[in-house]
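Throughout, residue positions are numbered sequentially from 1 according to the sequence presented. None of the values given here were measured: they were computed from a predicted structure.
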Amino acid sequence: ADRALAFLRNAGDAAGISHVEIAGALRRSMETVTEVCLVVACEDASRIPAVPDEPGAPPVSVLTSPPDAFGNLWLAATGSDEHVDALRRRNPTAFALPSRTEKEIYTRLGLTFVPPELREANDAVERAATGDLFRLLAPGDLKGLFHLHTNYSDGKATLSQTFQRVVELGYSFVGVTDHSPAAAYAGGLSPERVRQQWQELDSLRASFPSLTIFRGTEADILPDGSVDYGDEFLAGFDFVIASVHSAFHLTEGQQTARLLRAVRNPRVTMLGHATGRLLLTRSGFPVDLDAVLQAAGASGCGIELNASPHRLDLDWRFGEKARAAGVFTSINPDAHDLAALEHVRFGVGMARKAGFSSEHVLNTRSAPDVAVELARLRGRA
């Protein structure tokens, strides 16, 4: 989508294009999309060049509009159909008037502007009528990253390479989380290897003075709900992400009991990729997520929003229930290489779709505040 957008913007004046934007499900930050939809403001649609095809990429549809009605087309092409229909029903005449921007339409309808991520079949229009929309997380709100893997387990980059890239991306803290022994297929670390990693972390701190480094783990939740390494060794980490990577065959009752025990474990800082889903590949394992959210909120355990584009888990549809239960989240890249550190952009989109503001997200805090909060969470034990 970014490349298609750049192609048409580069065509610019030569094609009579005054404005180009992404629309459709991608703009609404849906988990999966079947096409890339671009909306173009121009006076002569016949001059718009065809966007080059890319093998394996979804098709690109290009919709055109005169500049003075660009807002109408962008709004309609972004959707969802239910949201657009709800706007139209408020005042069909005002809705249809030519508008250069979407905001003009919302203003004429007496509504606060609704961010694209909230334009689903929900109560956003009613909230916009009262000005009671969520104050959403913004891309620049994240101050640091948790949940990333290095070549100590199944990541591709060294600790030094990882920290260098994190600093280049402008973050002030990082939490390393290589796998635990149960994830032998992923090079899970023995306690001895963990201690070696801690020594290297300590030796690197002076080389990265602007970066606060937290030592963590992604520890497996075992079938009975206990957490790999055991409580005594887990106490040595600054934070613990507990995740399911095995025994997907368990029944819903067994999986629910498993996760309930994990989120109630005071050594666990947050639950990783809560349902284990892999988009377009594997459905999440059966679990009563409502019960898990309630238990996590009661125990003070967070639930990550895994930003890997293969996961995007916690599902945004559980955002309201998570907030009501008092559960904090963290936008985590689950990175296994340096490029994947930037996957947090997808997690931010999901967090906005879930209605999260910065106050709900742990890694929007400063490094000193995060250090205090992690210490407080460890104090639950």
Side-chain angles (χ1 to χ4, degrees), residues 137-179 186 189 197-198 200-202 204-205 207-219 237-243 268-274 301-314 328-352 354 356-375 377:
L137 179 76
D141 288 345
L142 300 189
K143 303 296 191 298
L145 301 178
F146 297 109
H147 200 163
L148 48 90
H149 302 271
T150 73
N151 64 351
Y152 267 85
S153 61
D154 60 345
K156 295 181 179 179
T158 65
L159 287 172
S160 182
Q161 290 168 334
T162 300
F163 297 161
Q164 182 61 44
R165 185 57 183 151
V166 169
V167 170
E168 290 170 356
L169 291 170
Y171 295 112
S172 62
F173 67 84
V174 64
V176 177
T177 52
D178 280 303
H179 286 285
L189 276 61
Q197 186 181 67
W198 289 351
E200 185 175 354
L201 289 177
D202 288 340
L204 287 171
R205 294 182 196 277
S207 300
F208 299 94
S210 67
L211 191 65
T212 299
I213 300 169
F214 297 111
R215 55 192 200 184
T217 178
E218 184 182 18
F237 292 97
D238 294 322
F239 71 101
V240 173
I241 297 176
S243 304
V268 174
T269 311
M270 66 184 88
L271 177 67
H273 42 74
C301 180
I303 296 185
E304 78 166 3
L305 202 163
N306 189 294
S308 165
H310 299 286
R311 294 187 183 274
L312 300 177
D313 186 14
L314 182 72
F328 74 85
T329 191
S330 179
I331 314 300
N332 296 342
D334 196 355
H336 290 73
D337 57 42
L338 298 182
L341 294 171
E342 298 181 70
H343 284 166
V344 288
R345 65 182 290 196
F346 305 117
V348 169
M350 289 300 109
R352 289 172 59 84
F356 289 124
S357 64
S358 60
E359 67 193 50
H360 302 116
V361 181
L362 178 61
N363 53 333
T364 62
R365 306 185 189 187
S366 68
D369 286 348
V370 166
V372 170
E373 181 62 10
L374 293 180
L377 292 170

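Side-chain contact between Ser358 and Leu137 is present, with heavy atoms from C-beta onward closer than 4.5 Å. The side-chain heavy atoms of Val361 and Asp141, taken from C-beta on, include no pair separated by under 4.5 Å. A 4.5 Å side-chain heavy-atom check between Phe208 and Val174 finds every atom pair outside the cut-off. Residues Arg365 and Val372 are not in side-chain contact: their nearest non-hydrogen atoms beyond the backbone lie 4.5 Å or more apart. Leu271 has its side chain out of reach of Leu314: every pair of non-hydrogen atoms, C-beta onward, lies at least 4.5 Å apart. Side-chain contact between Thr364 and Phe356 is absent, with no heavy-atom pair separated by less than 4.5 Å. Two residues are said to be in side-chain contact when any heavy atoms from C-beta on lie closer than 4.5 Å; Trp198 and Val176 fail this criterion.
The side chain to side chain donor-acceptor pair (under 3.5 Å) search around Thr158 returns Gln161, not counting sequence neighbours. Partners of Ser243 according to the side-chain contact (heavy atoms from CB on, under 4.5 Å) rule, which considers only residues two or more places apart in sequence or in another chain, are Glu218, Ile241, His245, His273.
For the atom pair CD of Glu304 and CG of Leu362, the computed distance is 11.5 Å after rounding to the nearest 0.5 Å. The distance from the CG atom of Leu338 to the OG1 atom of Thr162 is 5.5 Å, given to the nearest 0.5 Å. Rounding to the nearest 0.5 Å places CD of Glu200 at 10.0 Å from CD1 of Ile213. From Ile331, atom CD1 reaches atom CZ of Phe346 across 13.5 Å, with rounding to the nearest 0.5 Å. Between Thr177 atom OG1 and His149 atom NE2 the span is 4.5 Å, to the nearest 0.5 Å. Interatomic distance, Asp154 CG to His179 NE2, rounded to the nearest 0.5 Å: 4.0 Å.
In this structure a side-chain-to-backbone donor-acceptor pair under 3.5 Å is present from Thr329 to Leu305. When atom types are taken as modelled, the side chain of Thr150 and the backbone of Tyr152 share a donor-acceptor pair closer than 3.5 angstrom. Panel note: side chain Thr269, backbone Phe239; no donor-acceptor pair is recorded below 3.5 Å. Formation of a donor-acceptor pair under 3.5 Å by the Asn363 side chain with backbone atoms of Gly144 is found in this model.
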Show your reasoning for whether side chain to side chain contact (heavy atoms under 4.5 Å, CB included) applies to Lys143 and Ser172.
-> CA-CA 6 Å; Lys143 303 296 191 298; Ser172 62; 4.1 Å; yes
Notebook entry, point to check: Step by step, would you call Phe237 with Phe214 a ring-ring contact (aromatic ring centres under 6.0 Å, His included)?
Noted result: CA-CA 8 Å; Phe237 292 97; Phe214 297 111; over 10 Å; no
**Item:** Residues Asp334, His343; criterion side chain to side chain donor-acceptor pair (under 3.5 Å); working and verdict
**Value:** CA-CA 8 Å; Asp334 196 355; His343 284 166; over 6 Å; no
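Annotation for Leu189 and Ser153: closest pair CD1-CB, 3.8 Å, computed over non-hydrogen atoms. When every heavy atom of Asn332 is checked against every heavy atom of Ser330, the shortest pair comes out as OD1-OG, 2.7 Å. The two residues Val344 and Ala307 have their closest heavy-atom pair at CA-CB, 3.8 Å. The nearest pair of heavy atoms linking Cys301 to Met270 is SG-CA, 3.8 Å. Smallest separation of non-hydrogen atoms from Leu312 and Met350: CD2-CG, 3.8 Å. The two residues Leu341 and Pro333 have their closest heavy-atom pair at O-CB, 4.1 Å.
Around CZ of Arg345, the count of heavy atoms belonging to other residues, nucleotides or ligands within 6.0 Å does not exceed 12.
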